[in-house]
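Each remark here refers to the structure printed beneath this line.
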There are 4 protein chains.
Amino acid sequence: MSKEEKRLEILTAAMRIMHQEGFEGFKMEDIAKEAGVGKGTIYEYFESKNDLFLEMLRFSTEQFITGLENSLATGTDLESKISNLSLFGSKFLSSHLNLVNSNISHLSLPEDSKDQIKRYWEHIYKTIESELAKAIEGGEIKPHIDLKMAASVIIGSLNQYAFKKLYGTGLPPEQIDHQAIARMILQGMQK
Amino acid sequence: MSKEEKRLEILTAAMRIMHQEGFEGFKMEDIAKEAGVGKGTIYEYFESKNDLFLEMLRFSTEQFITGLENSLATGTDLESKISNLSLFGSKFLSSHLNLVNSNISHLSLPEDSKDQIKRYWEHIYKTIESELAKAIEGGEIKPHIDLKMAASVIIGSLNQYAFKKLYGTGLPPEQIDHQAIARMILQGMQK
Amino acid sequence: MSKEEKRLEILTAAMRIMHQEGFEGFKMEDIAKEAGVGKGTIYEYFESKNDLFLEMLRFSTEQFITGLENSLATGTDLESKISNLSLFGSKFLSSHLNLVNSNISHLSLPEDSKDQIKRYWEHIYKTIESELAKAIEGGEIKPHIDLKMAASVIIGSLNQYAFKKLYGTGLPPEQIDHQAIARMILQGMQK
Amino acid sequence: MSKEEKRLEILTAAMRIMHQEGFEGFKMEDIAKEAGVGKGTIYEYFESKNDLFLEMLRFSTEQFITGLENSLATGTDLESKISNLSLFGSKFLSSHLNLVNSNISHLSLPEDSKDQIKRYWEHIYKTIESELAKAIEGGEIKPHIDLKMAASVIIGSLNQYAFKKLYGTGLPPEQIDHQAIARMILQGMQK
DNA sequence: CATGAATGAGCTTTCATTCAT
DNA sequence: GATGAATGAAAGCTCATTCAT
C-alpha cells in the first residue's frame, strides 16, 4: 500500500467513525482501529487531530464539488441538472457525515481553516452561478435575478428536502422525487 | 432571583459561550464564570454537561418555534409571512448558535433526545404546512403541491441564504433583502 | 424536641445511613434527609463530618459496652454469660453497622480518636477479664490462663460466628445456637 | 517489565497506600506516584478506582487463602497447624491492610463483588472444615462438633488476638505466643 | 516506518462546608 | 436556631500526543 493510499485509508476511516459516532465518539484510538493501523501511525500522515479534521473537511468538500460539477455537466436543461444534483446530494448526505453543510463554520476552527472553507463555498457558489448565467443566456430562466440568491435557494432547498426525507422518513436517496423538487425550485409554488 | 430565573441565566450563559467559543471552548468552568455563579451551581440546575446541552437544544428550538409562529401570524399574505420569517430566521441565526439547524441530529445524542428533536421538527413542518394549506384555500398558491416539499424549500432557502449573507458577506440581518428571497421562493426562477 | 434529643436523632439517622449505604453512600445530605433536618442543622450539633463519625463510634461503642455489661450481669455461670453475650452481640451486629469491630482503627482517624477507640477497647477487655477473674476464683475455669487471650477468644469467636451466621446464611440473631458456641469456647474442641 | 508485572506493581502500590493512608488517603494520584507511573497508566490496567479496589480485595484474599493452605499443610498435628496459621495470620494482618476481614462485606460493594467475597469465604471455611474433619478421623478432636462453628472459633480467635497484640501492644507478629492461643482454642478454658 | 504503552494537562463531577435569609 | 442554595477545592477520569522499541 503506497503512502498516499494509506493516508486515504486513514482519512476515510476517520470519515466513517465521524459518521457513525458523531463528534463525541471521534477518538484517535477508534480511528486507528477502524483504519487498521496503530495510533502513532496517524501522526505520520497528519500533524494532529485538528489537522486530520481539516483534511476531512477538505476531502469531503472536494468530493462534493466533483459531484456537483458532474451533476451539472451531465444534465441537459437546468431542471435535469438540478435533479441530478438532488440525487447526488442525497447520496452524499446519506453516506458522508455532512461536513460540508452549513454550520460547521461556527465551530471554533482556526482562522485559516475558516478561510479555506469560505473559499470552497465561494467555488461552489461560483459553479452554480455560472450555470445559472448560462441558463439565462439560454433563456431558461428570468434575466436580472440575483444569482447568489438563486444558488442559495437551490442548495438550501435540495439539502433541506433531502435531509427531511432521509432522516425524517428513512427513505433511501434513490426514492426521493428529485425531479419534483427541481421543478418546484424553478417554477415556484405561486399560481 | 427565582429558581427558574437562575436556571435561565445559566442556560443563556451557556448559549453565549457556545456561540462565542464553539464546541471546543464549551467548558463548565467558563459557563459558570459567564453566568456569574460557581461551577457547582450549574449542577444544582442541570444533571450533567450533556443534560445542559440537551436543554439548550430544547430552549433554542422552542424559541425558534415561537419566532416562526409570530412571523407567520404577523404577515398578511404568504409573501410577507415568508419575508417575516426570513428576517426572524436571520436574526436568530446571527445571535444564537444555530443549534436548531440541520445536522445536529447526526451528533451522537441519546435516542430519546433524537426523538424529541424529531418531534420539534415535525411541529415546525406542521406549522408551515398548515400555513401553506391556508394559502392554497386562499388561492395564493398552486393546489396539489407537495406541502412537505414546499416547506423544505422555504426553510432550506431562507436558512441557506441568510447563512451566506451573514457569514459570507458579514451583512447584518436587517440589510438582507427578505422580500426578494420570499418572492423567489414563491415565484421560482423560471421564465 | 430538646437539644439533646435532636442531636440523638441526627446521630441515629447517621447510623442508619451508614448501615444501609456503607461508607461511600455516607453523605451529609442524605443524613440530613434521613434525620428530617436541614443540611446546615447538622453543623449546629456536630463540628464536622469527621466529628459526627467519631460521635457515632463513641455512641456505638458505648451501647456495645452497656450491652456487654448487661449480658455478663444477667448470667449465672460463665457459660450463660457468654451465651447472653452471644445473643446481644448478634443483635448488635445485625442492627448497627459494626463500627465497633476490628479494623476500624486502620482507617485514617486523627491520633486522638485512635486513642479513644483504644481506651474503649481496653475497657471492654477489662470488663471481660474481671469477669474471667471472678470465674477463676469461683473455680469455673483454669487458673493461670492468660486473661487477655481468653477475652480475645471469647470476643473473636462470638463475633466471627455471628457474622458467619447472619451474613452467610441469613439466620436471624435469635436462631443462632448461642449456648453451643459458648460451650465450645469454654470446653474447646479437643477430646 | 511485563504487562502482568506492571499490573501487579500498581496493585501492590495501591495496597501500600491503603495500608499507610487508610480509606481517605486512597487517591489515584498517590497510588500512581507510589507505583512510579502516571495517573493515566492505572486506567490502562484497571477500569476505575472501584475496579482497582475490587482487585485488591481479590488479590488480598487469594494471598490469604494461599497462606492458610500452607499453614495447614505444614503442621503435623492440629495444634501446630493452628499455631502456624496464627503466625501467618499475624504477619498478614500487620503487612496488608486487613481487607480480608469481617465487615468489608458491609461496604456498599456491587452485588457481584459481594458474591465473590462470599465465595472466597466459603472456600476458607471449607478448607478449615476439611482439616477439622481429618482431625476427627485421626481422633484428635471430639466427633459430632459443629465444623462451621469450630472454624469460626479458630478464625475469630486468632484474628482477634493477633489484632489485640499487634495494635494494642505493638508486639511484632513473631513474638506472639501462637502455641498458647492454639492450645486455648483447642482445649478451652474450662477446668 | 510502525507501534501502542505511557503520560499528564485539562476536563467533569462531587460534596463538605458556609452563610444570607 | 434552622435552612438549603451556593461554593470551589479536590478527586476521578479521558484522550491527544509522545517516544522507546
Side-chain angles (χ1 to χ4, degrees), chain A residues 1-3 6 10 24-33 35-53, chain B residues 1-3 6-7 9-10 24-33 35-53, chain C residues 1-3 6 10 24-33 35-53, chain D residues 1-3 6-7 9-10 24-33 35-53:
Chain A
M1 193 185 280
S2 81
K3 194 123 212 264
K6 190 163 237 173
I10 293 170
E24 311 281 83
F26 188 64
K27 317 270 167 67
M28 291 305 257
E29 179 122 38
D30 297 352
I31 296 164
K33 206 164 289 167
V37 301
K39 230 184 315 173
T41 307
I42 300 180
Y43 287 85
E44 300 285 330
Y45 296 87
F46 302 92
E47 296 223 327
S48 66
K49 192 186 181 185
N50 214 60
D51 179 43
L52 171 58
F53 180 70
Chain B
M1 195 186 277
S2 82
K3 201 114 211 266
K6 185 156 248 169
R7 200 190 117 97
E9 177 54 39
I10 293 170
E24 312 281 84
F26 188 64
K27 320 273 167 64
M28 290 307 254
E29 182 121 36
D30 296 351
I31 296 164
K33 210 164 285 168
V37 300
K39 225 184 322 168
T41 305
I42 300 179
Y43 287 86
E44 297 283 326
Y45 295 86
F46 301 93
E47 296 222 329
S48 66
K49 193 185 180 184
N50 212 61
D51 179 43
L52 171 58
F53 179 68
Chain C
M1 197 187 277
S2 81
K3 195 125 211 267
K6 188 163 237 171
I10 293 171
E24 311 280 81
F26 189 64
K27 320 272 166 67
M28 291 306 256
E29 180 122 35
D30 297 352
I31 296 164
K33 208 165 287 167
V37 300
K39 229 186 312 176
T41 306
I42 300 179
Y43 287 85
E44 299 285 328
Y45 295 87
F46 301 93
E47 295 222 329
S48 66
K49 191 186 183 186
N50 213 62
D51 179 42
L52 170 58
F53 179 70
Chain D
M1 192 186 281
S2 82
K3 200 116 213 266
K6 186 156 247 171
R7 199 189 117 97
E9 177 53 40
I10 293 170
E24 313 280 82
F26 188 62
K27 320 273 168 64
M28 289 309 255
E29 183 121 38
D30 296 352
I31 295 165
K33 208 163 288 169
V37 301
K39 222 182 333 165
T41 305
I42 300 179
Y43 288 87
E44 297 282 326
Y45 295 86
F46 301 93
E47 295 223 327
S48 66
K49 193 185 179 184
N50 213 60
D51 179 44
L52 171 58
F53 179 70

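Worth saying up front: this structure is predicted, and the values here are computed from it rather than measured. Chain letters run A, B, ... following the sequence lines, proteins first, then strands; residues in each count from 1.
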**Item:** A:Thr41 side, atom OG1; A:Ile10 side, atom CD1 - distance, nearest 0.5 Å
**Value:** 6.5 Å
**Request:** Please round to the nearest 0.5 Å and tell me the distance separating atom NZ of A:Lys6 and atom OH of A:Tyr45.
**Result:**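 Here the interatomic distance stands at 5.0 Å.
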Would you please name every residue forming a salt bridge (charged side-chain N to carboxylate O under 4.0 Å, His left out) with [X], sequence neighbours left out?
X: A:Lys49; value: none
X: D:Lys39; value: none
X: A:Glu44; value: none

**Request:** Give the stems involving DNA chain E, where a stem is 3 or more consecutive Watson-Crick or G-U wobble pairs (i with j, i+1 with j-1, and so on) under 3.5 Å.
**Result:** E:2-21 with F:2-21
**Request:** Flag the pair A:Glu24 / B:Asn50 as yes when at least one side-chain heavy-atom distance between them is below 4.5 Å, and no otherwise.
**Result:** yes
Just the rounded figure in Å: distance from [atom2] of [N] to [atom1] of [X].
X: A:Tyr45; N: E:dT3; atom1: OH; atom2: C1'; value: 12 Å
X: B:Glu9; N: F:dA6; atom1: CD; atom2: P; value: 12 Å
X: C:Leu52; N: E:dC15; atom1: CG; atom2: P; value: 16 Å
X: A:Asp30; N: E:dG4; atom1: CG; atom2: P; value: 14 Å
X: D:Ile31; N: F:dA11; atom1: CD1; atom2: C1'; value: 12 Å
X: C:Lys33; N: F:dA2; atom1: NZ; atom2: C1'; value: 17 Å

**Asked** How does protein reach along nucleotides 12-21 of chain F, written 5' to 3' as B (base within reach of a heavy atom under 4.0 Å), S (only sugar-phosphate), or - (no contact)?
**Response** SBBSSBB---
**Item:** Phosphate OP1/OP2 of E:dA6: any D:Lys6 side-chain N/O under 4.0 Å
**Value:** yes
**Any residue meeting side chain to side chain contact (heavy atoms under 4.5 Å, CB included) with C:Tyr43, in chain and number order, not counting sequence neighbours** =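 With sequence neighbours excluded, C:Tyr43 shows a side chain to side chain contact (heavy atoms under 4.5 Å, CB included) to C:Met28, given in chain and number order.
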